[in-house]
Amino acid sequence: MSLQQTLTTQVKKAIYSLYQSNLETVEFQATRKEFEGDITVVVFPMLRVVKGNPVQIGTQIGEFLVEHVAEVSTFNVVKGFLNLVIADSYYVDFFKEIQHQDTYGTKAPEGKAVMVEYSSPNTNKPLHLGHVRNNLLGYAVAKIIEASGKKVYKTQIINDRGIHICKSMLAWQKYGEGETPESTGLKGDKLVGNYYVKFDQEYKAEIQTLIASGKTEEEAKKEAPLLLEAQDMLLQWEAGDEEVISLWKKMNGWVYAGFDVTYKNLGVDFDSLYYESNTYLLGKDNIEEGLEKGVFYKKEDGSVWCDLTEDGLDEKLVLRSDGTAVYMTQDIGTAIQRVKDNPDVGGMIYTVGNEQDYHFKVLFLILKKLGYDWAENLFHLSYGMVDLPSGKMKSREGTVVDADDLIAEMATTAETLSKELGKLEGYSEEEKQELYKIIGLGALKYYILKVDPQKRILFNPEESVEFQGNTGPFIQYTYARIQSILRKAKELGVATKITTTSLEPKEKELLKWIQEYPAIVQQAAQNHSPALIANYTYDLVKEFNSFYQQIPILGTDNEEEKAFRVALSGKVAQIIKSTFGLLGIDVPERM
RNA sequence: GGCCUCGUGGCGCAACUGAAUAGCGCAUCAGAUUUCGGCUCUGAGGGUUGGGGGUUCGAAUCCCUUCGAGGUCACCA
């Protein structure tokens with residue numbers, strides 16, 4: 001039984017024996033630094049059950065606990081807060097127990113699986129900063145849920161069809177002169193993206209010409225020959241025109257090769273891929289099923305709708321009057337298909353920008369109405385835009401921060417900083433480059449993940465990502481420093497068996513943080529919050545640095561103390577590696 | 001206009017399933033360090049949590065109202 005559980009039962013017993021009342025729950029919090037104690041029992045909520053003076057009640061509970069719980073050595077009461085001092089031996093025993101648990105904090109998977117969707121790009125342009133946020137969030141949440149004890153499937157839906165894809169195809173066909181990634185040396189996604197921009201330029205030029213010849217802007221936008229050609233191309237694609245299909249396959253192939261490189265650089269991956277070109281017809285059968293169940297209804301023109309007005313939403317179209325599918329139809333079909341493909345899935349998480357909040361609200365509601373049990377466990381991991389100082393990012397206009405460029409730039413910055421420090425004797429050039437990438441990416445990932453997903457991020461490429469304070473590299477540095485100590489300890493032959501019985505205050509503080517880790521993982525999984533993991537790691541690291549500054553580790557003459565402090569440091573390092581793993585961030589052995 | 005999200009010291013963030021004096025980083029100022037890696041540590045100044053009202057023994061947190069920023073309300077995806 002954990003200490004908190006023991007305390008809960010004992011506090012309840014105390015209240016019962018003192019006041020003959022039953023408490024539902026007992027509220028705990030970590031004792032604030034300015035007070036003496038380790039764990040605090042909040043007395044205020046008990047006043048609902050027990051009438052009286054909180055200080056007096058707290059004192060009586062405190063006396064009861066000291067008498068009945070061996071771990072509680074003393075206590076003090078401030079206002080309605082009962083601060084308990086926990087015996088050193090309790091923390092020492094705790095440490096001995098977890099010292100050799102390599103997966104401390106995480107749980108083995110059990111129960112239903114969770115499917116996490118993220119990335120989901122269009123195949124007409126390279127990935128940019130917005131995708132980076134999406135990928136990092138989705139990947140981290142997948143890792144965290146996995147660590148909390150669930151099987152996870154990482155997936156994405158690739159938007160590989162539609163008018164926007166035809167635009168870049170058409171531009172390449174007209175202006176490309178047979179260019180290929182090989183002939184230009186460009187990454188495939190970059191090459192295709194260039195033609196998407198090219199399309200927009202030519203299209204705008206045509207609009208101007210039309211306006212000059214007397215058309216209104218609205219007419220011009222609709223009648224520009226390029227747009228008509230693109231629309232025509234989409235029709236040919238849908239009709240299965242061989243030439244169009246083969247062009248589509250060729251260009252998408254280039255894009256996928258490019259994406260693979262970016263994903264690899266970013267350190268994310270997927271267990272399965274869904275292509276919109278395969279799924280866009282899905283969902284129609286489910287509409288039929290919904291009609292039978294009375295969840296949907298048909299209008300006179302043949303279009304099918306779902307009435308959500310009782311739920312405070314609007315009426316939503318789920319099938320066009322010509323019988324073709326809309327976005328919602330596909331998403332219904334794809335969700336159902338995914339559970340068919342993976343029957344152990346009991347819930348899904350969609351990592352998609354907050355401009356689609358309404359869409360997912362509706363989608364989830366419809367799936368619930370259709371009666372799927374897993375529909376109770378759907379979550380839209382919604383996140384805010386990433387803005388630049390110059391405003392919104394627009395791929396069409398080329399005003400984006402490219403993902404590959406960004407990653408490369410971060411590594412360059414890391415290189416500049418590392419060279420000033422110079423701790424890399426004996427590293428080959430290759431190893432150094434690898435290290436710069438780890439640090440640069442660590443800075444970027446931590447910077448994005450420590451912020452609440454709902455908030456917009458204003459990203460200034462020049463100055464946004466720092467390397468000091470609450471940053472990835474700061475934490476990586478602490479990890480590397482611990483590794484250095486561990487290497488030395490090994491050389492010195494420091495014992496690994498723990499025999500100490502008493503603790504320095506800083507050691508106890510550190511152990512309290514370590515003890516929190518498993519609960520933090522669970523909480524982060526429940527709240528889908530990588531930020532919780534990031535901030536926990538930072539707090540742990542700060543506590544370690546303070547300990548490191550005050551307490552000699554290898555410098556002490558006492559062998560018992562030395563062994564314990566080395567082991568304690570090693571545990572901190574292991575947790576850093578674990579939490580950063582959940583965030584998708586690597587840690588270097590040296591830096 | 002309806003609905004949704006955000007608004008916390010100069011800047012960037014935390015706490016948002018109500019509880020102690022609203023935490024932390026950057027920046028500013030003052031210190032520490034012959035010893036385990038100074039990308040470290042200790043301390044100081046700086047906030048009526050956008051404004052107003054309410055519920056509560058207690059509100060950044062819950063309710064109402066108001067202001068500001070953004071999003072969304074397609075037989076587009």
Side-chain angles (χ1 to χ4, degrees), chain A residues 27 29 31-35 40 42-45 47-48 54 78-81 83 120 122 157 159 161-164 276 280 299 301-305 312-314 316-331 353-359 361-362 382-385 387 392 417-418 420-421 423 439 447 450-452 454-458 460 463-464 466-471 473-478 480-489 492 523 526-527 531-532 534-535 538-539 542 544-556 562 565-566 569 590-591:
Chain A
E27 195 178 319
Q29 50 183 249
T31 305
R32 286 217 182 185
K33 276 201 177 125
E34 55 268 40
F35 302 99
T40 295
V42 189
V43 181
F44 293 111
L47 298 179
R48 294 195 188 103
V78 182
K79 296 183 184 175
F81 298 92
N83 302 319
S120 303
N122 291 322
I157 177 110
N159 303 299
R161 54 146 240 130
I163 187 78
H164 49 296
E276 199 198 335
Y280 83 110
K299 284 193 179 173
D301 62 2
S303 58
V304 180
W305 297 74
L313 305 173
D314 300 322
K316 189 76 194 173
L317 177 87
V318 293
L319 200 66
R320 291 195 187 99
S321 52
D322 62 5
T324 55
V326 290
Y327 181 37
M328 187 59 73
T329 326
Q330 293 180 40
D331 268 7
N354 62 8
E355 70 272 13
Q356 295 201 37
D357 283 356
Y358 185 73
H359 172 77
K361 218 171 165 178
V362 171
S382 165
Y383 61 91
M385 298 254 164
D387 290 320
K392 249 186 160 176
L417 290 171
S418 296
E420 287 169 16
L421 231 80
K423 278 276 172 191
I439 299 171
Y447 175 79
K450 76 171 180 189
V451 182
D452 179 346
Q454 287 293 346
K455 295 198 180 185
R456 324 168 56 96
I457 293 182
L458 183 70
N460 188 335
E463 58 188 53
S464 268
E466 310 212 359
F467 289 72
Q468 281 174 39
N470 187 0
T471 67
F474 169 83
I475 293 166
Q476 288 171 324
Y477 174 74
T478 303
R481 196 164 53 182
I482 295 175
Q483 293 310 310
S484 164
I485 294 172
L486 296 181
R487 281 192 294 270
K488 284 219 171 83
L492 295 171
Q523 217 179 320
Q526 254 168 36
N527 297 323
L532 231 44
N535 288 321
Y538 178 62
D539 285 332
K542 249 196 339 181
F544 177 80
N545 280 331
S546 174
F547 156 82
Y548 170 84
Q549 200 71 216
Q550 279 186 30
I551 312 277
I553 299 172
L554 297 173
T556 176
K562 197 186 287 183
R565 289 171 192 171
V566 167
S569 304
R590 284 201 279 168
M591 67 187 277

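Lettering of chains follows the sequences in order, A, B, ..., and the numbering in each one begins at 1. Remember, predicted model here, so these are calculated numbers, not experimental data.
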In whole Å, I'd like the distance from the CG atom of A:L417 to the C1' atom of B:C39.
8 Å
Taking the minimum atom-to-atom distance to the side chain of A:K455, which one of B:U40, B:C36, B:C6 wins?
B:C6
Output a table of donor-acceptor pairs, distance under 3.5 Å, between side-chain atoms of residues 316-323 of chain A and any protein atom two or more places apart or on a different chain; print 'none' if there are none.
{"residue": "A:R320", "atom": "NH1", "partner": "A:T324", "partner atom": "OG1", "Å": "3.0"}
{"residue": "A:R320", "atom": "NH1", "partner": "A:A325", "partner atom": "O", "Å": "3.0"}
{"residue": "A:D322", "atom": "OD1", "partner": "A:T324", "partner atom": "N", "Å": "3.0"}
{"residue": "A:D322", "atom": "OD1", "partner": "A:T324", "partner atom": "OG1", "Å": "2.5"}
{"residue": "A:D322", "atom": "OD2", "partner": "A:T324", "partner atom": "OG1", "Å": "3.4"}

Does A:Y358 have any ring-ring contact (aromatic ring centres under 6.0 Å, His included) partners at least two apart in sequence or in another chain, and if so, which?
none
Closest-nucleotide 5' rank along RNA chain B - winner of A:P552 and A:N83
A:N83
Could you tell me which nucleotide pairs with B:U17 by Watson-Crick or G-U wobble geometry, both distances under 3.5 Å, or answer none if nothing does?
none
What does the B/S/- profile of nucleotides 72-77 of chain B look like, 5' to 3', with a 4.0 Å heavy-atom cutoff to protein?
SS-BSB
Selected nucleotide, minimal atom distance to A:F81 side chain, candidates B:G37, B:A20, B:C13:
B:A20
Provide, to the nearest angstrom, the distance between the CD1 atom belonging to A:I553 and the P atom belonging to B:G37.
9 Å
Contacts of A:N354 that satisfy side-chain contact (heavy atoms from CB on, under 4.5 Å) - sequence neighbours left out
A:D357, A:S382
G-U wobble or Watson-Crick pairing nucleotide for B:G31 (cut-off 3.5 Å, both distances):
B:C41
I'd like to check the side-chain contact (heavy atoms from CB on, under 4.5 Å) partners of A:K299; sequence neighbours left out, ordered by chain and number.
A:Y297, A:D301, A:S303, A:W305, A:E315
Looking at residues at least two apart in the chain, or sitting in another chain, which of them share a side-chain contact (heavy atoms from CB on, under 4.5 Å) with A:L532?
A:Q523, A:A524, A:N527, A:S529
Now, which nucleotide makes the Watson-Crick or G-U wobble pair with B:A60, with each of the two distances under 3.5 Å?
none
A:F544: partners by ring-ring contact (aromatic ring centres under 6.0 Å, His included), with sequence neighbours left out
A:F547
On RNA chain B, compare the nucleotides closest to A:T40 and A:N527; which residue's is nearer the 5' end?
A:N527
OP1 or OP2 of B:C41 under 4.0 Å from side-chain N/O of A:S546
no
So, do A:R590 and A:Q483 sit near enough that their side-chain heavy atoms are less than 4.5 Å apart?
no
Give a yes or no on whether the ring-centroid distance for A:F467 and A:Y477 is below 6.0 angstrom.
no
Any strand is fair game: report the nucleotide pairing with B:C11 by Watson-Crick or G-U wobble, both distances under 3.5 Å, or none.
B:G25
Compare the aromatic ring of A:F44 with the six-membered base ring of B:G58 and state whether they stack according to the 5.5 Å and 30° rule.
no
By ring-ring contact (aromatic ring centres under 6.0 Å, His included), which residues pair with A:F44, not counting sequence neighbours?
A:F81
Taking only residues two or more places apart in sequence, or in another chain, which ones meet A:K361 in a salt bridge (Lys or Arg N to Asp or Glu O under 4.0 Å)?
none
Suppose we screen for side-chain contact (heavy atoms from CB on, under 4.5 Å). Which residues come up paired with A:H164, at least two apart in sequence or across chains?
A:N122, A:N124, A:Y196
Any N/O pairs under 3.5 Å between the protein and nucleotides 59-65 of chain B? List them or say none.
none

Summary of protein contacts for nucleotides 23-32 of chain B, nucleotide by nucleotide, where a base hit scores B, a sugar-phosphate-only hit scores S (4.0 Å, heavy atoms)
SSSS------
